[in-house]
**Student:** 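Once you've had a glance at the structure underneath, I'll fire off some questions.
So you know, we letter chains A, B, ... as the sequences are listed, proteins then strands, and number each from 1. Quick caveat: nothing in here was measured; it's all calculated off a predicted structure. Atom set for the values below is all heavy atoms of this structure, side chains included, hydrogens, waters and symmetry mates excluded.
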Number of protein chains: 2
Amino acid sequence: MSRAEQKERTRQAIINAAFSQLSAEKGFASLSLREVAREAGIAPTSFYRHFADMDELGLTLVDEAGLMLRQLMRQARLRIEKNGSVINTSVETFMEFVADNSNVFRLLLRERSGTSAAFRAAVAREIQHFSAELAHYLRKQTDCKAEQAQLQAEAMVTLVFHTGADALDAPKEHYAHLTRRTVLQLRWLAHGAASYGRKISS
Amino acid sequence: MSRAEQKERTRQAIINAAFSQLSAEKGFASLSLREVAREAGIAPTSFYRHFADMDELGLTLVDEAGLMLRQLMRQARLRIEKNGSVINTSVETFMEFVADNSNVFRLLLRERSGTSAAFRAAVAREIQHFSAELAHYLRKQTDCKAEQAQLQAEAMVTLVFHTGADALDAPKEHYAHLTRRTVLQLRWLAHGAASYGRKISS
DNA sequence: TAAATTAGCGAACAGGTGTAAGCTCAAAGT
DNA sequence: ACTTTGAGCTTACACCTGTTCGCTAATTTA
């Protein structure tokens, strides 16, 4: 095994160790370099061969989380093409993502309002991507001004993310109920934005 | 000075010390018993005469924050009676609250998705109160089903809180812009909920 | 083949943490 | 006036933290 290859492998071991230690009870801030190193199977000091400090590791985790968010969007688009019902399919896909990647979603959720400005900015950027894609979609679907589409998309993302946060503390049998509620909220929003816009322009 | 009186005084000193140490860079989780005690002007061990541990102090802080939230609602109602424009006045009042009590709002925001289930539950309860009052108001204003009013209120609160979170990282000259955007989102929601409901019932 | 690079390790340090034990001494209760 | 109570203190302990230094051993380069 080549040297660079091995290095990349333990780098991934560190990242995985960090993700696995994130949980409902433990946020990134309360992660310790030594514990992460222990789980990754290296000495504490070897950590520095890969990251300058914990913050750098944290930003890497946020990047990975953003990547998964983009995978989620792709999957949602695929399902929508087959299924049709846009809002319902999107929310259902999102809820599955939250259920299957709780720790990843939790990271985004927490660091969005966390103590590090850099983390907050990084998360905000990822979510911004998310909203922008949705806005683009909305503009194609219903013809409206760009600014308006963006604003609507952000409201939708906010509502869906909030439901995701609730889902983390709810038993799985409540998911369907949460989904139904959110779908209704999004429909109101879409309906209102469309008719309100028409009223203004008329 | 009576004994009970003095005890209450240092208890408040502890609470104030804790609030003052909360900031954009420091969340409750990274608060240390010793530092809080130092700022409160007591020995670390004396802390235990007032709280069993930091968690108990934290729940007390959340309670105080909830209290301020209720003051905020009262103030908003007063202003609405004079001013008229419900949504606009509410959002403006809320934004002022966030600006004037950043640390209090930050506490609610962070612990809502924090690492302690007890904290999350406590914050959720306070916000639930908030939404319930708004729902009550909506029902009086526009006649609709109770469940629908509640759902609409929760969406509104979610959007407003999210804007508050953004405001914490934005310079004050952006507040007006943020307010305008949020007002528009809320109007869409109200408009959509009203007409969507009518469409269903007809 | 010889030299240079470097991932990983062990030992050690300085500083922070929560909390237990036991004391003082002024207020409250009898 | 005597006793009890309890807020606050000092000391002490055990533990965990991030980080520096110098070393080893294996891969890569020349």
**Student:** Counting only side-chain heavy atoms from C-beta out, which of D:dT19, C:dT19, C:dA7 sits nearest to A:Lys7?
**Tutor:**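 Nearest to the side chain of A:Lys7 among the choices is C:dA7.
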
**Student:** Taking the side chain from B:Gln21 and the backbone from B:Glu35, do they hold a donor-acceptor pair closer than 3.5 Å?
**Tutor:**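 The answer is yes, because a donor-acceptor pair under 3.5 Å joins these two groups.
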
**Student:** To the closest 0.5 Å, what do you measure between CG (A:Leu67) and CG (A:Asp63)?
**Tutor:**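 Reported value, rounded in 0.5 Å steps: 8.5 Å.
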
**Student:** Hey, mind stepping through A:Leu69 and A:Leu72 against side-chain contact (heavy atoms from CB on, under 4.5 Å) and telling me if it holds?
**Tutor:** CA-CA 5 Å; A:Leu69 224 48; A:Leu72 162 66; 4.2 Å; yes

**Student:** Are any side-chain N or O atoms of B:Arg120 and backbone N or O atoms of B:Gly114, one a donor and one an acceptor, separated by less than 3.5 Å?
**Tutor:**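 Between the backbone of B:Gly114 and the side chain of B:Arg120 there is a qualifying donor-acceptor contact (under 3.5 Å).
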
**Student:** For the atom pair CD (A:Glu96) and CG (A:Asn101), what is the distance rounded to the nearest 0.5 Å?
**Tutor:**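 With rounding to 0.5 Å, CD (A:Glu96) is 11.0 Å from CG (A:Asn101).
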
**Student:** Spell out protein contact along nucleotides 25-30 of chain D as letters: B when the base is contacted, S when just the sugar-phosphate is, - when no protein heavy atom is under 4.0 Å; keep the 5' to 3' order.
**Tutor:** -BBS--

**Student:** Near DNA chain D, under 4.0 Å by heavy atom, which residues of residues 32-40 of chain B?
**Tutor:**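 Within this stretch, B:Arg34 sit under 4.0 Å of the strand.
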
**Student:** If you count every heavy atom of other residues, nucleotides or ligands that lies below 6.0 Å from A:His136 atom NE2, does the total exceed 12?
**Tutor:**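 It does not: A:His136 NE2 has 12 such atoms or fewer within range.
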
**Student:** Using atom CD1 of A:Ile14 as one end and atom C1' of C:dA7 as the other, report the distance to the nearest whole Å.
**Tutor:**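 Result: 11 Å.
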
**Student:** Will you find, in the side chains of A:Glu154 and A:Gln150, an N or O donor that is under 3.5 Å from an N or O acceptor?
**Tutor:**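 A:Glu154 vs A:Gln150: donor-acceptor pair found between side chains.
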
**Student:** Would you say the side-chain atoms of B:Ser30 pair up with the backbone N or O of B:Lys26, donor to acceptor, closer than 3.5 Å?
**Tutor:**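 Such a contact is absent between B:Ser30 side chain and B:Lys26 backbone.
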
**Student:** Measure from CD on B:Glu5 to P on D:dA7 and round the result to the nearest Å.
**Tutor:**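 Computing the B:Glu5:CD to D:dA7:P distance gives 15 Å.
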
**Student:** By the definition salt bridge (charged side-chain N to carboxylate O under 4.0 Å, His left out), identify the one residue from B:Arg70, B:Arg74, B:Arg77 that meets it with B:Glu133.
**Tutor:**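 With B:Glu133 as partner, B:Arg70, B:Arg74, B:Arg77 yield a single salt bridge (charged side-chain N to carboxylate O under 4.0 Å, His left out), made by B:Arg77.
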
**Student:** Go through residues 45-60 of chain B and report each residue with a non-hydrogen atom lying under 4.0 Å from DNA chain C, sorted by number.
**Tutor:**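 B:Thr45, B:Tyr48 - these, ordered by number, are the residues of the stretch whose heavy atoms sit under 4.0 Å from the strand.
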
**Student:** Quick one: CZ on B:Phe94 to CZ on B:Phe161, what's the gap to the nearest 0.5 Å?
**Tutor:**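 Interatomic distance, B:Phe94 CZ to B:Phe161 CZ, rounded to 0.5 Å: 4.5 Å.
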
